[in-house]
Structure formats: C-alpha cells, structure tokens
Protein chains: 2
Amino acid sequence: MSSTEVVNVRTKIHGYKLDQNLAPTLLQPALESEESHRKVLGTVRCLIADLCQQHNGGHPGSAMGMAALGIALYKYTMRYSPLNPSFFNRDRLVLSNGHTCLWQYIFMHLVGFPAMSLEQLKTYHSAQRDSICPGHPEIQLAGIEVTTGPLGQGVANTVGLAIASKQLGATYNRPGHHLVDNMTWCVVGDGCLQEGVAIEAIQLAGHWRLDNLAILYDNNGVTCSGTVDVATSEDINARMAACGWHVVDILDGDTNVGAIVQALEQARENKHQPSFVNIRTTIGVDTNLQGQNKAHGTPLGAEGVRHLKQAYGMDPKQEFFVPPSVYAFFQDVIPKGKKQEATSEQILSAYALKFPELAKEFTMRIRGQLSKHWLDFIPPKEELSKKKTPTRISAGRIVAALGKGLSSLVLMTCDLQPATNMSWDNCTTFQHPEHKTSCETMMGNYTGRYLQCGIREHAMAAIANGLAALGPGTVIPLTSAFFQFYSYAIAGVRMGALQGLQAIHLATHDSIAIGHDGPTHQPVELPALFRAMPNLLYVRPCDEEETCGAFMVAFEAERTPTMISLSRHPLVQYPEHSDREGVKRGAYVFIEEEEADVTLIGVGAEMVFAVEARSKLIELGIKSRVISFPCQRLFEGQSRDYKESVMQYSKRKPVVVIEAFVVNGWERYADAGYSMRTFGKSLPPEDEIYGFFGFTVDEITTKVRQLLNEVAEVGIEFLRGNFRDLNGGAMSHGINIY
Amino acid sequence: MSSTEVVNVRTKIHGYKLDQNLAPTLLQPALESEESHRKVLGTVRCLIADLCQQHNGGHPGSAMGMAALGIALYKYTMRYSPLNPSFFNRDRLVLSNGHTCLWQYIFMHLVGFPAMSLEQLKTYHSAQRDSICPGHPEIQLAGIEVTTGPLGQGVANTVGLAIASKQLGATYNRPGHHLVDNMTWCVVGDGCLQEGVAIEAIQLAGHWRLDNLAILYDNNGVTCSGTVDVATSEDINARMAACGWHVVDILDGDTNVGAIVQALEQARENKHQPSFVNIRTTIGVDTNLQGQNKAHGTPLGAEGVRHLKQAYGMDPKQEFFVPPSVYAFFQDVIPKGKKQEATSEQILSAYALKFPELAKEFTMRIRGQLSKHWLDFIPPKEELSKKKTPTRISAGRIVAALGKGLSSLVLMTCDLQPATNMSWDNCTTFQHPEHKTSCETMMGNYTGRYLQCGIREHAMAAIANGLAALGPGTVIPLTSAFFQFYSYAIAGVRMGALQGLQAIHLATHDSIAIGHDGPTHQPVELPALFRAMPNLLYVRPCDEEETCGAFMVAFEAERTPTMISLSRHPLVQYPEHSDREGVKRGAYVFIEEEEADVTLIGVGAEMVFAVEARSKLIELGIKSRVISFPCQRLFEGQSRDYKESVMQYSKRKPVVVIEAFVVNGWERYADAGYSMRTFGKSLPPEDEIYGFFGFTVDEITTKVRQLLNEVAEVGIEFLRGNFRDLNGGAMSHGINIY
C-alpha cells in the first residue's frame with residue numbers, strides 16, 4: 001500500500017447496490033466529530049505503545065492499525081452489553097488475528113467491561129498469574145467468544161457461530177418476532193486469509209450464503225517476515241467474490257471511522273450473502289516503525305513511544321493515560337447495551353405470549369437444557385445387535401435416534417456419508433432455502449441440522465468449535481470423517497479441547513482392517529496423539545454396547561470434546577462381557593479368571609484377538625483374563641484401588657496389550673504389546689491385512705506363550721524397562737526404514 | 001452437469017491469446033482418428049469395469065470419466081519413456097485424486113511399462129501381497145511420482161516438483177541448452193480443490209508463476225456423497241484466475257481428446273503462469289451408474305458390466321480384453337520415449353562440451369551426489385558456542401553454513417523467519433524474476449533456494465515432499481515453523497514419512513517456555529505423535545553440539561524425514577557432556593555415576609533441570625546419573641547391550657524422565673515422569689512459566705527424593721504398572737477438565 005492510497009479518503013463499493021436497498025439511517029448512524037475520533041485513535045495507539053513497552057513484549061503494530069475499526073465496532077455498530085456480555089442475541093466478535101488482542105482488551109476497557117480495568121490492562125505480558133489479558137484472547141473471559149491464536153481458526157469458528165445463529169433463527173423466529181438476528185464479525189489479518197482452514201470455511205460460508213457474517217480484513221500488507229507480496233499475489237477481492245461474498249473496499253482504514261461504520265452496517269443489512277470488508281490500514285501507523293514488519297512484534301522503544309505521543313498531542317510523561325473525554329466518548333455504550341438487552345427480552349416476552357411452547361423450547365435450548373435429554377436416545381442393552389456389526393453402524397444407529405430426537409444436535413460430514421454412515425431419516429440438510437442442488441435429496445433450509453462440509457476436514461472441526469461456542473449445550477456438534485483424515489483437522493480438534501468446547505468427533509475406518517485403501521488411509525500412529533491431547537477423550541469401543549458407553553461419555557463431558565473411534569468392518573458383539581458403565585471408567589474387566597497367568601488388554605476392533613487368544617491359550621493350559629480398555633484418559637481418573645482391581649499388577653503376572661496401532665503410550669499399562677510398528681498396506685480388509693501384519697490368533701498366542709516362558713525363567717522383574725514388542729519382527733514392509 | 005452440456009462439443013478458452021503466441025503445430029499434434037479414440041475409450045472403460053467387478057471393489061466412476069484425458073496425456077502430450085521411467089527431463093504426472101489409480105495403471109499397461117502386465121492389473125483389489133496395483137498409487141513403482149490418497153496432498157506435491165524443476169532449470173540451463181524444461185501435470189477431482197492444503201499450494205503456484213505446472217481438473221460434478229453443489233457454489237474458474245492461473249474450459253471431456261490435447265499443449269507453451277484445465281466429464285460415463293455418486297466407489301455389477309460392453313460394441317463374454325488395435329494405437333509411445341531420452345542425452349552432451357564444470361555439477365546434483373557433502377558444513381565441536389544459546393540459533397548457524405555451501409538445499413519458511421532464525425547471508429529468494437515486492441530484500445529469481453511460503457504450513461510440508469520427490473538427494477528441503485504449527489501440517493509430514501522422502505523439518509519454539517504467546521502456541525502433546533509416527537525421526541537436542549548431531553542424523557537418513565525440535569530460549573551448553581555421536585544412537589550417558597540411586601533422563605530444553613537436579617540431589621546425599629535422550633526411534637534401533645549400558649535397568653534403580661511435554665511414550669523407558677498434563681499458559685518465558693507448572697529444581701528434587709524413599713520402602717517392583725506422574729498435582733489450570 002502506498003502512502004498516497006492511505007490519504008486518499010474514499011470508499012469503494014463492490015457489487016452491492018447501496019442506495020436502492022438500504023435505508024440511509026441504517027447505513028450511517030450519527031457519528032461523533034472527526035476530532036473526537038482522532039482523540040480516541042491517539043489514546044488507543046499510545047496505550048498500546050505503553051502496554052507493549054512496559055514489559056518489552058507484545059504485538060503492537062496491527063493493533064494500532066485497527067484502532068478505527070475498533071471505534072466502528074465497539075462504539076457504533078456492534079450489538080453487545082458490557083455489563084451482560086453473554087446476553088444471547090448479541091453480535092459475536094471473533095478476533096482471528098489473536099495476536100492483536102491488546103486492541104480488544106483496550107476497547108473492552110474503554111466501553112466499560114467491569115473486569116477489564118486499567119490495572120488489568122497493565123498485566124498484559126506481565127508475570128501476573130491471574131491476568132485476564134493473555135498474549136492471545138481466551139474464551140474464559142466474558143466478552144471473548146473464542147480463544148484464538150493459531151491463524152485461520154477464528155474464521156472457521158466464526159462460520160460456526162453464524163451457522164448456529166442462523167439455524168436457531170430459522171427454527172424459532174416467527175414473522176415480526178426475531179429472537180435471533182445477531183451478526184457475527186470476524187477480524188482477520190493477512191495470515192488468516194492464507195491458511196487453508198480459513199479458505200475452506202470461506203468457501204462454505206459463501207455456499208451457505210451466511211448473510212449474518214462479515215470478515216473484517218485488517219489489510220496492512222505486512223506480515224512477520226516482510227510485505228505480504230513476498231508470498232501472495234492473488235486478487236483477494238476477486239477470490240472472495242468468486243466464493244460468493246459481497247466485497248467492500250475501504251482505502252483509508254487508519255482514520256475513516258465513518259466509512260468503516262457504513263461498510264459494517266451494509267454487511268448487516270445485506271440479506272443475500274456474507275460480506276468481506278477489505279480495510280486498508282498501516283501497521284504501526286504514525287510510529288517510527290510505521291509500515292515495517294518490525295512493527296508486528298516489537299515494542300517501539302522509549303523514544304518511539306515519546307514520538308508517538310507527541311504526534312497525537314499527548315504528554316509523553318503520562319503513561320497509560322486515558323483522557324476523560326475518551327471515556328466520555330464511549331459512555332453511551334453501556335446504556336445502549338442495556339437497551340438492546342431490554343429489547344431482546346421484550347421480543348422474547350411477546351413471543352412467549354404468542355408461541356408459549358416454542359418459547360419454552362427456545363429458552364431450554366439457549367440454556368443448554370435440551371441437550372441434557374440425550375440419555376433418552378441411547379438404546380438399552382437388550383435392544384442392541386447380537387450379530388457382527390461394525391461400530392460405525394452401531395454409532396450410526398445411535399446418531400439416527402439422537403438426530404431425530406435431540407434438536408440441539410448438529411451433524412457434520414465431510415462427503416463420506418455413504419461410508420461413515422451417519423445421518424437420520426428425513427433429516428434436513430442445512431442449505432440456503434433457495435439453493436438448488438443437482439441431487440435433490442440434499443436441498444434443504446436453514447433449520448437443517450445436517451451440515452455437508454464437502455471435503456474440508458479442518459474447516460469442519462473448527463466450525464464445530466464455533467457451533468459449540470454459541471453457548472454451552474445450545475448446539476452439540478457431531479463431526480464425522482475417516483479417522484485418518486482427522487490428521488487434517490488436528491489443530492481444530494486441539495482448539496476445541498483447549499477451550500473446553502463439547503464436540504463429538506465420529507472417526508470411522510479406524511484400523512488397518514479397512515483394507516485396500518492402503519497405508520494412506522490406515523491409521524497407525526494417530527491414536528497416540530489423541531490419547532496424549534489434554535482434555536480430549538479418545539474412546540475406542542469394541543462393540544455396540546461399548547459404543548453406547550462412548551456416546552454417554554461424550555455427552556456427560558460437557559466441557560470436553562470426545563473422539564469416538566469406530567471400525568469399518570463388522571465386529572463380534574460381546575453382550576455377556578461388554579458394559580457401557582465400564583466404558584465410563586476407561587477400562588474394566590471383560591473376562592475375569594482366577595489365578596490367571598497373564599492379563600490381555602483388548603481394544604476396539606482388535607478385542608476379538610484378545611478374546612480368541614484367551615480361548616486358544618486355555619487349550620494350551622494357560623489361563624488369561626481379558627481387560628477392555630476403551631479410554632486411557634478416563635482410566636487415569638479412577639482411584640488407585642479401582643485401577644489395581646482391573647490391572648492386578650500386584651499379582652506379578654505380565655500384561656499384554658493387543659492393538660493394531662503403534663504401542664506408544666500403552667507402556668504405562670502393559671509389559672508387552674502386540675502392535676504395529678510401520679505404516680499399513682493395500683490388501684483386502686480384515687483377515688488378509690490383519691494376517692499380513694501378524695494379527696492372527698495363532699501368532700498372538702505363540703508370542704504370548706513365549707513371553708510367559710521367558711518370565712517363568714527370568715522373573716517378571718526382567719520386564720521393567722524392557723517392554724516387549726511381541727510383533728516386532730514381522731512388520732517391516734516397503735519403504736519404511738526406521 | 002446436465003446431459004446437454006456433455007454433448008455440446010466445444011472448447012472454451014479463457015484469458016489466453018492462443019493464435020498469437022503459439023505455434024499451431026505445437027498445439028495440435030497429428031491426432032489419430034475419432035474411431036480409434038472411441039475404441040481406446042471403450043477398452044479402458046470396460047477394463048475398469050472388469051477390474052472392479054472381479055473382486056467387487058475399487059473406484060470405477062472417475063477413472064472411466066478420465067479416459068479421454070488419459071489418451072491425451074499418455075499418447076500425445078506427456079514426455080516420458082516407459083522403458084526408462086526415471087529419465088530426468090521427463091514430465092512429472094501426479095494423480096492427486098489417487099483413488100482413480102486404475103486409470104493410471106491401465107494406461108501404464110497399454111503404453112508398455114514392462115512391470116505393468118495384464119496379470120498385474122488383475123491384482124488390483126486382490127489379496128496378492130506383491131501386487132504393484134494398490135488401492136492408491138505408491139511411489140515405489142517406477143512411473144508413479146508420488147504416493148497419493150489423502151486429497152489435496154498431490155496438488156502441493158506437484159507444486160514442489162515444479163519448483164524443483166524450475167530451480168534446476170534456472171540454475172543450469174543456458175541459452176540453447178535446456179537441460180531441464182519438463183512439465184508437471186497434476187490430475188485432480190473435486191475433493192482436491194476443496195482441501196485447504198491444495199488451495200494454499202495453488203495460491204503459491206500462482207504467486208510464483210510456475211508456468212511448468214498444470215492442474216487437470218476432472219470436473220464430473222459428483223463426489224462420494226452426492227453432487228458437488230451440495231457443498232460448493234464457488235466459481236472455480238474465477239477463483240483460479242484470481243490466484244493468477246491461466247484457465248481453460250473443456251466442456252466435452254468425456255470424448256474430445258483433441259480439445260484436451262490442445263489445452264495441454266497450450267499449458268506447456270504458456271510461459272507466464274500455471275494453467276488450470278477445467279475438464280467436464282461424467283462419472284461412470286456410459287454405464288448404468290452414469291452421473292451418480294454411487295459410481296464413485298461401487299462396481300457396476302455383472303449386468304452393468306455387460307451393458308457397458310455392449311454399448312461399446314465389445315463382447316460381454318470377454319473379460320479383461322484389450323484388442324490388438326488398442327495396443328497398436330499406443331505402439332509409438334516407446335520409440336517416442338526413447339527418442340526423447342536420446343534428445344535429452346544429446347542436450348547434456350552438447351552442454352558438457354561447452355560448460356564442463358556446470359555439467360559435472362548438474363550430473364552430481366541429479367544423482368543426489370552433491371547432497372552427500374553435507375558433512376563439510378557441520379561445525380566441529382571446538383567451534384561451538386559455550387555460552388547460553390537457543391537451539392534455534394544453533395540450528396540457524398548450521399543452516400547458514402549449509403545453505404551457502406550445499407546447492408541442493410532448499411529452505412522453506414512460513415513467515416516466521418525473524419523468529420525461527422533460518423536463512424543465510426545473501427541468500428536468494430525463489431521468486432519470478434519480474435516479481436516486485438514492496439520490501440526489496442525479498443525479490444529474487446528462480447535460482448533462489450529460499451522459499452517464502454506465507455502463512456501456509458500444510459502446503460509447505462506437502463510442497464517439501466514434492467521437492468524431495470524430484471529425485472533422491474537432488475533437492476533436500478528444509479522446512480521451518482513454530483513447532484505447534486506443524487499441527488497444521490501433520491498430514492504432509494506423514495506422507496513424507498510414508499514415502500521415505502528426505503525432508504528436514506526445523507520446528508522451533510518447542511516448549512511452554514516460549515511464554516506469553518500462551519497455550520495456543522505451546523506444544524504439549526504434539527511430540528507424542530511425532531515420536532509415534534513410523535519412519536520419522538523426531539530429534540530434540542539439548543545444546544549446540546546435540547543440534548549438530550541432529551543435523552547429521554537428518555542427512556544420514558536418506559529415506560526418512562527428520563523433525564528437529566528447537567528451543568526459543570537460550571540453553572546452557574554442555575561441552576563436557578553432550579556428544580553428537582550420542583545423538584545418533586538416540587540416547588547416551590550424559591553424566592555417569594557409579595552406584596547411582598536414580599537415573600534422570602534429560603531431554604532438549606529441559607536438560608538443565610536434570611543436570612541441576614543431579615547437583616541438588618548430591619547435596620542431599622543422593623547419587624544420580626543423567627541420560628540425554630534426544631530421539632526415541634534411534635534408540636530403539638540400538639542393540640540390547642547398548643540399551644542396557646545406557647539405562648542400567650538391571651541395577652534396579654528408578655528412572656525418571658524430565659520433560660515439559662505430556663509423558664506418553666516415555667513409560668517405555670522410565671518409571672516416573674516429571675511432565676505436563678494440561679495445556680500451557682500465557683506467562684513470561686522460561687523461569688516464570690516453568691515455575692508455574694512446577695518445573696523448578698527444588699520441586700523436581702523433592703519429588704525425586706520422595707520417589708526414592710517410597711522405592712526404598714516398598715521395592716522397585718512396586719513401580720511396575722504404577723508409573724508415577726511426579727508433577728501430577730500442580731498442573732491443572734483454567735478450563736482443562738480431563
């Protein structure tokens with residue numbers, strides 16, 4: 001961006017007929033004077049400078065450049081209430097370029113969020129452990145909708161928030177009664193628009209014509225390493241338009257509050273599509289680092305701070321100074337917020353008179369109470385299949401019941417529905433009601449709770465976080481895809497775990513047994529990650545009863561996402577052994593045996609090997625007990641006594657885990673593992689491929705017997721620090737070197 | 001796509017002036033008759049039908065639709081030699097929609113790749129263990145450039161292949177001597193164009209104006225779940241044009257071989273930008289499943305196969321039938337390939353006469369021999385820093401030397417260069433020579449070996465795979481980013497490991513100690529994945545000497561990618577203890593102690609806690625030895641004797657690992673861990689945040705002493721199956737529930 005463009009005060013409007021469709025009053029609320037804007041801009045920028053300078057850290061440049069946008073949102077456009085940040089029909093604001101969080105903290109302070117005192121602002125980049133001003137915004141703080149930081153995530157979260165609002169509005173709004181009609185704003189920098197997860201979400205938002213969503217692009221043309229044109233040449237406006245977005249250009253975003261307000265109001269009034277407001281700004285505007293990439297993450301230095309204050313006519317000796325006139329500038333925000341709350345309440349009261357049942361449901365929905373009825377839809381044990389069934393089919397049955405009955409449930413898929421098998425009868429697809437699809441079954445409307453995400457796993461997971469973030473239990477998102485393709489979505493799954501957002505990830509095709517799709521589709525090492533990820537429950541059920549248990553775990557974990565790991569191939573059912581209550585404890589005794597010589601851990605699709613090996617071992621005169629172990633994290637939470645009752649280490653008999661994944665992490669529980677060490681192979685499903693990799697009852701039994709012989713000879717102590725990979729020899733294949 | 005469009009035989013050209021710039025002969029090689037094309041189309045499609053029908057599996061629909069494209073590429077356009085598939089200046093073909101691999105196998109058979117016999121074709125979806133026709137194409141087979149399957153990866157791989165060719169050409173070609181001028185073709189379906197990794201790579205290819213690259217879009221409008229418009233409404237041609245691509249539309253791609261050939265030749269001749277050829281096809285064309293999503297992954301059934309054969313005038317009783325006329329149709333391919341090889345050799349001979357030194361270097365380069373000189377650039381121990389140094393700085397020094405000296409090295413960054421600190425003096429950025437950037441330091445040309453990838457981690461990793469796939473050792477890609485952001489790139493890293501492609505990933509900022517950026521930037525669980533991933537070496541060095549060792553490991557592992565995990569903060573150097581040769585063995589004795597009471601495992605940035613705890617324990621009368629353990633996978637490859645000499649389990653003293661990651665996987669080696677259980681927190685770097693999470697020498701020492709007391713009381717056996725999380729209590733924070 002050249003400096004001539006910066007001073008060229010004009011607003012360029014693309015593709016949207018402003019005058020004909022919109023009431024001028026809506027587009028241009030009465031603005032305060034230019035002079036007062038300049039005062040606020042200066043105050044905010046000097047405050048940023050001081051706050052970064054004090055501890056010599058933080059991200060000043062973009063936050064400064066976005067000050068005019070801050071005024072537009074927090075003073076004029078955004079519907080919110082500082083004294084009640086969770087009032088339901090508020091606009092949602094996501095700061096996807098989370099490193100600019102100081103911008104948000106400062107505006108929250110200026111408008112009067114009670115927790116955000118000036119003293120709190122000063123804890124930014126401090127050592128204060130109870131600071132509410134971390135280096136990236138965190139969901140724990142009222143007024144922050146989602147935690148951001150990893151670029152691009154916030155864009156997809158915003159799409160999720162917008163869908164949730166849209167879906168609620170379509171379900172409960174009635175003519176003249178707009179219970180839910182909020183906007184969803186997403187502030188982004190260059191980085192967010194380059195990340196694949198964001199672009200996937202942008203495509204979906206355009207497809208779904210989410211008119212309650214706007215991306216506000218802080219286009220300062222500078223990233224951490226240099227100018228953005230070092231790695232990008234695309235025509236971003238054309239790209240957004242190609243994806244179905246309304247595009248507005250603002251060329252003087254450093255100062256022109258009025259133009260930004262106009263664009264934001266236009267976005268709110270646009271009832272056709274999401275909006276992209278391309279706001280040209282200057283990183284570190286008016287400072288010694290103006291326009292330089294150094295401004296991204298470097299404080300200005302004492303001299304630079306002094307220089308900036310002088311430029312804005314402020315006293316360089318005053319630190320962290322907010323003139324009374326600036327507080328006064330924002331003093332209408334709290335009353336306006338209260339009024340918006342009151343309006344919202346009036347709308348609900350009027351609605352309740354006219355639609356009492358709906359109002360009751362709506363209230364339960366937004367309080368998360370409806371979601372608590374999930375247990376009604378989990379089938380009792382006696383109704384379960386007794387013949388061999390893939391756990392993806394078992395899960396599909398549960399989802400079919402849940403989907404029909406639990407109106408807070410939203411199901412997401414990444415194109416593989418015929419294989420993942422998740423849906424329910426007559427489920428409505430979430431689509432713009434006027435969108436025509438070539439396959440008619442997929443047309444729908446905004447009440448739909450079935451989200452077809454295309455082939456975009458990462459966006460799916462990150463959108464799920466946005467759905468869940470609308471309010472605890474208001475929407476329960478279920479995602480579904482092949483297990484291995486969650487490797488595309490890990491950053492999204494992690495952000496859900498970090499934020500305590502309840503999402504349920506249905507990961508099907510979870511073993512090498514899927515067969516011919518080959519090593520690119522066969523998970524081997526991925527479970528090690530999900531078992532290690534804090535606040536994520538990775539549950540791998542072995543049959544339909546345990547699948548019920550997995551869903552129960554997932555619904556009970558209201559501040560924790562769950563991944564349920566499901567087989568493609570049919571699994572033997574164990575009605576005599578399997579137990580949903582056992583799943584809740586992470587591991588439990590599946591088949592007990594007094595005086596056992598060995599404990600076998602069976603897991604998920606490979607439980608059959610543990611059970612059949614037990615029978616075979618009996619023939620050989622060896623007694624074994626079988627443990628089912630669907631979730632390590634849940635087991636860790638059990639009492640020491642319970643753990644010992646299950647594992648019985650004190651009996652000094654070896655423990656062997658059998659699972660067709662890499663064994664990493666199982667060493668905590670077992671002395672030996674029958675597992676994978678390499679990637680998989682394209683071979684027919686089940687027996688053929690299991691057999692190729694040594695997963696046969698005969699081979700497992702032989703190795704277990706050898707282990708027992710060895711233990712008999714040298715003692716169980718020998719196994720400490722000497723974990724045995726029983727399937728180590730047979731598994732090298734192809735190109736795997738290490 | 002409606003059927004009227006299918007029969008509408010015309011080619012629509014976007015944005016490129018065909019007649020003025022291109023020689024007509026180049027654009028339209030002499031084509032065989034329409035009749036012969038129809039014969040081949042029928043044969044290929046019936047063969048696909050038979051091959052899927054025989055084992056009732058596979059992906060027939062898209063492969064059938066792409067038959068005309070196959071003729072265009074394999075008969076007319078692609079430069080390759082079936083009898084010498086690795087001849088260097090060949091065109092590269094990547095089948096990004098790898099599930100259509102039968103298409104590729106069949107054309108390889110028809111043109112005469114010796115290994116691809118008709119008998120081999122029949123092993124598709126069979127139980128034959130030595131089949132070369134897996135369910136997705138695999139790099140092991142000559143004629144397959146990269147393994148594909150997970151959608152979108154192939155697009156980024158192609159960009160890597162095109163960059164590698166471009167870079168070699170710019171470096172070694174001389175006027176009239178075009179050693180390297182091949183094309184790079186990428187076949188994609190709808191899924192590939194929706195995946196973020198592909199879109200990121202598409203943006204980069206447009207930015208770099210890679211005119212030696214074309215995406216050939218099998219636009220059949222149908223995905224696994226239904227029609228593509230269920231989840232996509234974008235104007236794909238407009239999006240590609242916005243990203244700087246030349247766009248060609250072909251509306252009758254089922255049959256119009258000539259139009260496709262024309263478009264491909266045009267792509268080859270376009271010297272301005274990459275090309276996107278949008279080929280409308282019909283999934284399962286001419287079959288009973290034509291145009292239906294069921295055609296994606298469902299065989300036609302016996303009746304369907306019969307119907308198809310009749311439609312093409314073939315005998316339904318003949319299975320796997322290739323008429324002699326079809327073999328004859330392709331019989332010019334082998335001689336043409338030989339001629340192209342010969343031409344290539346002549347060009348090199350002429351070049352060698354005129355530029356003998358360059359020719360020698362080029363030959364060494366393409367044979368991977370130049371890369372073997374890496375050892376010259378690893379500094380000897382005596383030259384290393386003795387003062388506290390972050391390992392990212394140590395690695396940066398090594399990269400600076402390697403980059404200057406080793407011309408096969410290509411360095412990639414994701415915007416964070418000022419923080420990751422990887423580059424070298426006067427390094428040239430890879431850019432189109434006419435591309436102007438606002439920050440002048442980043443202009444460059446195609447000889448550049450410094451790739452600025454923007455904020456696109458997933459594309460970076462997948463492009464690195466393409467760079468490495470040009471030929472073993474011809475290009476050694478180094479990627480760099482913050483460790484946590486490799487969570488965006490996992491699917492790419494995995495594909496490199498699966499294919500045995502040597503890439504070196506420099507993952508900086510690898511601990512909670514990075515500080516204020518907070519939990520979104522602080523890795524905690526990610527190492528558990530990389531330690532579990534087959535054929536990936538995850539190496540975490542503790543100082544500059546070990547960092548040298550990590551690079552040595554990475555360069556020696558010629559068929560294995562390596563991730564080097566580096567600290568942001570300065571680390572104590574241990575010249576008396578640390579040892580690059582020890583790194584190669586995965587773990588080694590750092591500080592020995594006769595009659596030790598406990599063994600402490602120190603890792604990477606947290607080595608300091610092990611060493612200082614040892615000193616503190618001495619004060620308490622407790623003797624400890626310290627192990628450095630930079631790489632689990634390398635240690636696993638050591639002899640049992642070596643392992644015992646390092647770990648000394650037989651001495652029956654406890655082993656404690658100290659690392660600020662989750663402990664999963666360390667249970668194999670240790671009895672107890674001082675580790676993390678939750679996500680991190682935004683606090684000042686190093687001492688403050690380490691302290692918050694209990695990482696202080698005092699606390700560690702206290703817990704180790706307690707453990708020793710307990711062991712003294714109850715015996716070491718008690719620790720079996722009772723792994724102790726020594727830092728378990730102090731680490732819950734914020735929203736983490738489980």
Side-chain ion pair, B:R652 and A:E717, N-O less than 4.0 Å:
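Not counted as a salt bridge, because no side-chain N and carboxylate O are separated by less than 4.0 Å.
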Would you confirm whether [X], through its side chain, and [Y], through its main-chain N or O, come within 3.5 Å as a donor-acceptor pair?
{"X": "A:Q194", "Y": "B:I455", "result": "yes"}
{"X": "B:Q431", "Y": "A:V230", "result": "yes"}
{"X": "A:K681", "Y": "B:R129", "result": "yes"}
{"X": "B:S487", "Y": "A:I490", "result": "no"}
{"X": "A:H516", "Y": "B:Y124", "result": "no"}
{"X": "B:D415", "Y": "A:C224", "result": "yes"}
{"X": "B:Y488", "Y": "A:L151", "result": "yes"}

[X] to [Y] - nearest heavy-atom pair and separation:
{"X": "A:V524", "Y": "B:P534", "result": "CG1-CG, 4.2 Å"}
{"X": "A:E138", "Y": "B:S682", "result": "OE2-CB, 4.5 Å"}
{"X": "B:R720", "Y": "A:I716", "result": "NE-CG1, 3.6 Å"}

Check each atom of [X] against the heavy atoms of chain B and say whether the ones under 4.5 Å are side chain, backbone, both or neither.
{"X": "A:E636", "value": "side chain"}
{"X": "A:F482", "value": "neither"}
{"X": "A:L526", "value": "both"}
{"X": "A:M647", "value": "neither"}
{"X": "A:K643", "value": "neither"}
{"X": "A:V663", "value": "side chain"}
{"X": "A:C453", "value": "backbone"}

B:T232 and side-chain hydrogen bond (donor to acceptor under 3.5 Å, both in side chains): which partner among A:R456, A:H207, A:Q452?
A:R456
How many angstroms lie between CD in A:E234 and CZ in B:R239, if you round to the nearest 0.5 Å?
10.0 Å
Criterion side chain to side chain contact (heavy atoms under 4.5 Å, CB included) on A:I199 and B:Q203, from CA distance to verdict
CA-CA 11 Å; A:I199 305 175; B:Q203 292 182 322; 3.7 Å; yes
Heavy atoms, side chains only, cut-off 4.5 Å: are B:W666 and A:R668 in contact?
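A side-chain contact under 4.5 Å is absent here.
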Could you walk me through whether A:E667 and B:F723 pass the side chain to side chain contact (heavy atoms under 4.5 Å, CB included) test, one step at a time?
CA-CA 9 Å; A:E667 300 97 333; B:F723 185 89; over 6 Å; no
Between B:H458 and A:H458 (judged by ring centroids, cut-off 6.0 Å), do the two rings come close enough to count as a pair?
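Not under 6.0 Å, so no.
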Atom CG of A:N722: over 12 foreign heavy atoms under 6.0 Å
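It does: A:N722 CG has more than 12 such atoms within range.
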